[in-house]
Protein chains: 2
Amino acid sequence: MYICPMYSSELIKGTLKTIVLNLLKEQGKMYGYEITQKVKDKTSGKIQITEGALYPTLHALEKQGVLDIEKQYIGKRVRKYYKLTEQGKTTADERVTELTDFMNTMRYLLDLEPKLGNA
Amino acid sequence: MYICPMYSSELIKGTLKTIVLNLLKEQGKMYGYEITQKVKDKTSGKIQITEGALYPTLHALEKQGVLDIEKQYIGKRVRKYYKLTEQGKTTADERVTELTDFMNTMRYLLDLEPKLGNA
DNA sequence: GCATATACTTAAGAATCTTATGTATATTTG
DNA sequence: CAAATATACATAAGATTCTTAAGTATATGC
């Protein structure tokens, strides 16, 4: 089967936490594998989060108090659902705002069309 | 004096080459220090390229055949002007297109407003 | 004259991701 | 029903890219 070309990994670097936090804000709770699939589906494979990158990040966010864990057993297999803590909700908002602002700055810097909305 | 808050360095990571290539495409030729100042000015200090990041990148791009060097002496001090090679022009276009596309994908992934233009 | 700005260089370390491997259960398919 | 694939987690070694810091030297402003 055909593997859609991805963005260069340099570009994706640094956006992982923001992606995860925003997804959790929207979906309430998700488990790791689910996150990788959701991102792949929504981007038609152009952004693929590897498990080697995701799991350590989830662990770090948990340790920082941004995420809470909730284990669920599907038969014998464990699933670890992550959700935002109260602090995490704030962090998620901050991160998304920062990324939006950053992308606008990049547009201006590169002399691209400015974007609509949030004037 | 007040130092304007920067974006978190994770976000900026990975966009440096694209920024440099696009600036050179617009300006024809620039030297390293000039690039750092131009980016700082245009972004009101929100993106600051450090010399420790820039110079090694310029050297790498030169080695890859993307940039050409042209030395100029200002009194006794040397300035190294960089400009795009023919290959570099192509690379610059590719990088900018990729970043634009990536930002649109991120907008969609984060359920933000889609951007204007380049439909 | 001294502080600051200009201008380039490079090395050590940190942060983040890729690649690879490991473990194990569940489901699909021939 | 056996084999292949998908689900689901974990982590270590290595690569890449940037930060921090130090070094060198000339030019300019006060």
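Below, read A as the first sequence line, B as the second, and so on, with proteins coming before strands; counting in each chain starts at 1. None of these values were measured; they are calculated from a predicted model.
Out of dT6(C), dA8(D), dC17(C), the shortest distance to the side chain of Gln37(B) is found at dT6(C). Here the nucleotide nearest the side chain of His59(B), chosen from dT10(C), dT11(D), dA6(D), is dT10(C). Side-chain proximity of Thr57(A) to the nucleotides dC17(C), dC8(C), dT19(D) is greatest for dC17(C). With dT9(C), dT18(C), dA8(D) as the choices, the nucleotide that has an atom nearest any side-chain atom of Tyr55(B) turns out to be dT9(C). Among dT6(C), dC17(C), dC18(D), the nucleotide with an atom closest to any side-chain atom of Tyr33(B) is dT6(C). If you check dT11(D), dA5(C), dT19(D) against the side chain of Pro56(A), the one that comes closest is dT11(D).
Comparing Val78(B) and Leu16(A) along DNA chain C, the residue whose closest nucleotide (by nearest heavy atom) sits nearer the 5' end is Val78(B). Place Arg77(B) and Tyr81(A) on DNA chain D by their nearest nucleotides, and Tyr81(A) ends up nearer the 5' end.
Between Tyr73(A) atom OH and dA8(D) atom C1' there is a gap of 12 Å when expressed in whole angstrom units. In this entry the distance linking CD of Glu51(B) with P of dC18(D) reads 15 Å, nearest Å. For Ile12(A) and dT18(C), the CD1 to C1' distance is 12 Å, given to the nearest whole Å. Atom CE in Met30(B) sits about 15 Å away from atom C1' in dT6(C), given to the nearest Å. Going from atom CD of Glu34(B) over to atom C1' of dT6(C) covers 12 Å, rounded to whole Å. Here dA10(D) presents its P atom at 10 Å from CG of Leu54(A), a figure rounded to the nearest Å. In this structure, Leu58(B) atom CG and dA7(C) atom C1' are separated by 12 Å, rounded to whole Å. Atom NZ in Lys13(B) sits about 9 Å away from atom C1' in dT16(D), given to the nearest Å.
Using a 4.0 Å heavy-atom criterion, one finds that Glu10(B) contacts the sugar-phosphate atoms exclusively. When heavy atoms are screened at a 4.0 angstrom cut-off, Arg79(A) is found touching the sugar-phosphate backbone but no base atom. Within 4.0 Å of Lys76(B), counting heavy atoms only, lie sugar-phosphate atoms of the nucleic acid but no base atom. Within 4.0 Å (heavy atoms only), Lys17(A) reaches sugar-phosphate atoms of the nucleic acid but no base atom. Residue contacts for Gly52(B): at a heavy-atom cut-off of 4.0 Å it reaches a base atom on one of the strands shown.
No hydrogens or angles considered: a donor-acceptor pair under 3.5 Å links the side chains of Thr105(B) and Tyr7(A).
Checking the phosphate oxygens (OP1, OP2) of dT9(C), a side-chain nitrogen or oxygen of Lys80(B) falls inside 4.0 Å. Dashed line: the shortest gap from a side-chain N or O of Tyr31(B) to OP1 or OP2 of dC8(C) is not under 4.0 Å.
Heavy atoms from other residues, nucleotides or ligands lying under 6.0 Å from NZ of Lys38(A) number 12 at most.
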CA sep, side-chain torsions, deciding dist, call: Glu34(B), Arg79(B), salt bridge (Lys or Arg N to Asp or Glu O under 4.0 Å):
CA-CA 10 Å; Glu34(B) 188 184 10; Arg79(B) 253 187 210 167; over 6 Å; no

Carefully, step by step, assess Asp111(A) and Lys25(B) under the rule salt bridge (Lys or Arg N to Asp or Glu O under 4.0 Å).
CA-CA 11 Å; Asp111(A) 289 317; Lys25(B) 188 185 161 193; over 6 Å; no

Taking it one step at a time, do Lys89(A) and Glu86(A) satisfy salt bridge (Lys or Arg N to Asp or Glu O under 4.0 Å)?
CA-CA 5 Å; Lys89(A) 287 174 191 172; Glu86(A) 280 308 309; 3.0 Å; yes

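Scanning both residues, Thr85(A) and Gly65(A), for their nearest heavy atoms gives OG1-O, 2.7 Å.
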